[in-house]
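Read through the structure below, which is laid out as structure tokens, and then see the notes.
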Protein chains: 2
Amino acid sequence: MTQQDIARMTGVSQATVSLVLNGRADSDVRIAPETRARVLDAIRSTGYVADPIARRLAARRNRILGVFTYEPMFPAGTGDFYHPFLVGIEEGAESLGCDLLLFTSAPVADGRRRIFHEDNRLRLADGCVLLGRSLDRDELARLVAEGQPFVSVGRRDDAGGPVPYVGADYPAATAAIVERAVAVGHRTLAYVGQGDHPVGPAPQTGLDGQDRPAAPESHADRERGFRAAVAAAGVTGIREPVEDRSPAELLDSLLARGVTVALMEEYADGSAIASVARERGLEIPRDLSIAALGDPTRPAPSDVDFTMFRIPRRQMGWQAVEVLTGLIEGTPGPEGGEPRSAGAQRRGRSEAAARDGSERSRQSPTQILLDCEQVEGTTLAAPR
Amino acid sequence: MTQQDIARMTGVSQATVSLVLNGRADSDVRIAPETRARVLDAIRSTGYVADPIARRLAARRNRILGVFTYEPMFPAGTGDFYHPFLVGIEEGAESLGCDLLLFTSAPVADGRRRIFHEDNRLRLADGCVLLGRSLDRDELARLVAEGQPFVSVGRRDDAGGPVPYVGADYPAATAAIVERAVAVGHRTLAYVGQGDHPVGPAPQTGLDGQDRPAAPESHADRERGFRAAVAAAGVTGIREPVEDRSPAELLDSLLARGVTVALMEEYADGSAIASVARERGLEIPRDLSIAALGDPTRPAPSDVDFTMFRIPRRQMGWQAVEVLTGLIEGTPGPEGGEPRSAGAQRRGRSEAAARDGSERSRQSPTQILLDCEQVEGTTLAAPR
DNA sequence: TCAAGATGCTAATGCGAATTATCAGCGGCA
DNA sequence: TGCCGCTGATAATTCGCATTAGCATCTTGA
């Protein structure tokens with residue numbers, strides 16, 4: 001079944017079938033209503049549908065959004081951390097009438113999937129959503145350089161150009177926790193997380209050579225928010241690394257240094273500390289306050305009602321799709337214009353609440369930070 | 001970047017570039033080694049990759065597998081019931097070097113997504129995996145009729161022809177539970193599930209008119225296994241519907257009828273019964289045994305260690321992909337042969353353990369039932 | 001009555017690759 | 001010399017659809 005077949009059936013030309021199919025009714029394209037009806041009838045009766053592949057080849061657009069994840073898409077080990085992002089992405093795609101292409105074919109090299117490889121299939125999609133704790137800088141740079149439309153879920157430092165993203169406002173959310181802690185009387189706070197990289201207000205792009213992998217932006221942002229808030233409040237901020245130490249050792253160190261509240265980069269580490277503390281007969285908000293800086297990335301027991309903030313993961317996914325389609329539309333299509341396909345009419349476009357500042361221009365912003373939801377919880381109280 | 005560009009750069013024709021790219025070395029296609037090298041160099045230095053779309057148009061194959069779900073793909077309400085299937089599907093696709101296309105663009109009509117609709121995008125993929133408790137018969141029939149390569153995750157009755165599927169062996173798993181119950185002394189067993197449809201050994205295709213929707217195969221299969229096992233053991237099998245009754249009413253009915261063990265079609269209903277029973281001071285294995293016939297489909301408390309069986313969801317997903325690729329390869333491609341694309345070489349094909357009987361022919365089976373894993377649990381004991 | 005516009009549709013072309021038929025050059029052999 | 005066979009590469013075609021220039025035919029208006 002091709003347009004040619006339909007054309008023969010109805011005694012018109014293939015071009016006419018295409019025009020009718022796409023509901024073209026411009027002034028320079030005229031089809032008699034009865035002809036149109038005849039063709040439509042034939043289309044309906046045969047159940048013909050245009051071959052999306054051929055369509056894409058000719059029209060340069062697909063209504064397919066790619067999704068690339070560095071980790072497996074449906075992971076077993078991350079406690080469904082990625083799941084909410086996908087929910088949001090799916091919602092976004094659905095409301096826009098797009099299909100989602102998961103790049104499961106990307107081969108794994110050096111323990112992670114690679115976007116670019118021989119037989120790269122990126123171009124199958126109109127654009128691409130990137131998911132993962134830390135994205136490869138070089139690949140990111142190449143995407144930017146090639147002008148491939150893409151969006152990262154999660155803020156990313158520039159990579160040879162601004163990287164479009166929809167991220168969570170970790171600095172603000174972390175600062176808010178700090179402020180809450182200070183408000184109830186804490187004066188010695190610890191930031192407990194991976195590594196102990198120097199963190200400045202600016203993205204730390206391998207100025208010092210890229211030998212040591214930088215902390216993922218999501219971590220660096222939290223720490224930055226921590227430092228700023230601590231400085232602003234004039235209290236003591238301590239940095240505690242988690243690697244290579246048992247929860248018990250970590251707890252010892254915290255107590256030894258006089259820390260009264262620990263801000264945990266990773267929820268699961270918070271659980272571990274809490275559990276060790278309990279074993280020692282310590283009581284959690286009383287002897288040591290703990291706050292988690294986000295949802296668990298690794299599976300963690302949920303018996304403790306942590307003081308924390310929640311990452312708006314679902315919304316991030318859905319807004320990422322918004323931004324992406326914006327980018328795609330900005331990219332010149334067939335002749336620098338909007339694609340005309342009738343089926344491609346956007347349905348249910350929402351007014352993506354862009355918070356990144358004023359609506360400075362007609363153009364929608366490509367870098368968005370969303371607020372995190374503060375959770376009261378019961379693990380933060382006045383220090384003894 | 002097109003093959004044409006590469007061709008100009010190296011002073012050869014587009015055809016030559018294509019031949020080199022695809023590593024063609026047949027006897028009727030000869031390229032001088034040095035020419036080949038020159039072209040390959042150019043390809044590498046420019047980072048050129050063939051446009052998958054154009055490739056598909058010409059070669060008629062994609063390495064894209066479609067995934068269609070009747071419910072939202074990443075649902076919030078099903079307690080991640082579908083998640084393991086997707087994990088398996090992703091694994092399968094990855095090992096085969098295929099991408100996954102989620103048909104999120106399928107519009108919803110009458111409360112469910114439809115496969116067939118104007119502007120159908122099924123053909124984007126080489127084949128399609130179907131996911132969902134109950135698939136639409138008509139759509140299934142149409143898929144069969146059109147010869148579209150597809151596989152259902154979960155057994156399906158014929159629909160105008162055999163439906164390829166990878167399902168769980170519910171009859172056997174349910175029968176095993178019955179046997180375990182009988183072995184410890186139960187004589188009056190209840191099957192508690194939706195509806196109360198007559199169930200025969202054969203698929204009940206609307207002989208009686210399709211007015212009343214048939215039970216989904218997954219339910220019918222369990223019930224069939226139940227009836228058969230009960231009959232074989234010579235004990236009493238009772239049918240209890242769950243709809244329109246509170247767990248309390250259901251419990252009353254079970255006890256009134258002298259049931260000593262309840263086999264719960266749906267895990268969550270088992271939880272509900274157990275909790276009501278406890279509230280009344282009944283003890284669960286002692287006063288009433290309960291077994292769940294599969295993993296929870298709806299979110300359910302997991303505090304009870306149910307006697308049950310587990311659906312091999314992940315494996316089902318991954319085997320479905322296996323079956324699907326088998327079907328796709330069976331379907332004649334360009335000229336009834338195997339596609340030649342160099343990139344399309346299958347990697348990591350496994351010996352899909354087909355249990356559906358002997359290897360009767362070269363052709364791999366398209367209807368597979370996998371064993372469920374029996375879980376001992378603590379909710380089945382001898383009756384008082 | 002005739003140019004000027006509408007109207008309705010089609011031929012032709014291109015998208016980027018795969019594939020096939022064909023062609024030019026070159027030894028070797030009779 | 002002329003024919004054959006072999007090598008290496010290319011022109012041409014195809015896939016199914018979108019798009020545009022343009023060709024008839026039919027109305028108008030003056």
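A note on names: the letters A, B, ... follow the listed sequences, proteins ahead of strands, and every chain is numbered from 1. Just the heavy atoms: all of them, side chains too, but no hydrogens, waters or symmetry mates, feed the values below.
Between A:R8 and A:D5 there is a salt bridge, since a side-chain N of the basic residue sits under 4.0 Å from a carboxylate O of the acidic one.
Contacts of B:A32 with the nucleic acid, taken as non-hydrogen atoms under 4.0 Å apart, involve only primed sugar atoms and P, OP1 or OP2. Backbone-only engagement by B:T2 is indicated by non-hydrogen atom pairs under 4.0 Å involving sugar-phosphate atoms exclusively. Using a 4.0 Å heavy-atom criterion, one finds that A:A50 contacts the sugar-phosphate atoms exclusively. Among the protein residues, A:L57 comes within range of the nucleic acid bases, having at least one heavy atom under 4.0 Å from a base atom.
The distance from atom CE of B:M1 to atom P of C:dG16 is 12 Å, rounded to the nearest whole Å. Rounded to whole Å, atom P of D:dC17 lies 15 Å from atom CZ of A:R63. If you measure from atom CG of A:D26 to atom P of C:dC9, you get 15 Å, rounded to the nearest angstrom. Nucleotide C:dC9 holds its P atom 15 Å from the CG atom of A:D28, rounded to whole Å. Summarising the geometry, the separation between CG on A:D5 and P on D:dG16 is reported as 9 Å, rounded to the nearest angstrom. Rounded to whole angstrom, the span from the CG atom of B:L19 across to the C1' atom of D:dT7 amounts to 14 Å. Rounded to whole Å, the distance from CD on B:Q3 to P on C:dC15 is 14 Å.
The residue among B:A54 and B:R30 whose nearest nucleotide of DNA chain C is located toward the 5' end is B:A54. Each of B:Q14 and B:T35 lies near DNA chain D, and the nucleotide nearest B:T35 is the one positioned closer to the 5' end. In terms of position along DNA chain D, the nucleotide closest to B:V29 lies nearer the 5' end than the nucleotide closest to the other residue of the pair A:V17 and B:V29.
Of the inter-residue distances, the one linking A:L40 atom CG with A:T35 atom OG1 reads 10.5 Å to the nearest 0.5 angstrom. A distance of 5.0 Å separates CG in B:L101 from CD1 in A:I64, rounded to the nearest 0.5 Å. If you take CG on A:L100 and CG on B:D99, they are separated by 12.0 Å, rounding to the nearest 0.5 Å.
At least one side-chain nitrogen or oxygen of A:R55 sits closer than 4.0 Å to the OP1 or OP2 atom of D:dA18. Taking 4.0 angstrom as the limit, B:Y48 places a side-chain polar atom (N or O) nearer than this to OP1 or OP2 of C:dA17. Using a 4.0 Å cut-off, no side-chain N or O of B:R56 falls inside it from OP1 or OP2 of C:dA17. The side chain of A:T16 contributes an N or O atom lying less than 4.0 Å from OP1 or OP2 of C:dT10. B:Q4 has no side-chain polar atom (N or O) that falls below the 4.0 Å cut-off from OP1 or OP2 of C:dC15.
Side-chain atoms of A:A58 lie closest to C:dC15 of the nucleotides D:dT10, C:dC15, C:dA11. Side-chain atoms of B:R24 lie closest to C:dT19 of the nucleotides C:dT19, C:dA18, D:dG16. Distances were taken from every side-chain heavy atom of B:I31 (C-beta onward) to each of D:dT10, D:dC17, D:dA9; the shortest belongs to D:dA9.
Nearest approach of A:L65 to A:C98, heavy atoms of both residues: CG-CB, 4.0 Å.
Using modelled atom types, one side-chain atom of B:E139 and one backbone atom of B:I115 make a donor-acceptor pair closer than 3.5 Å.
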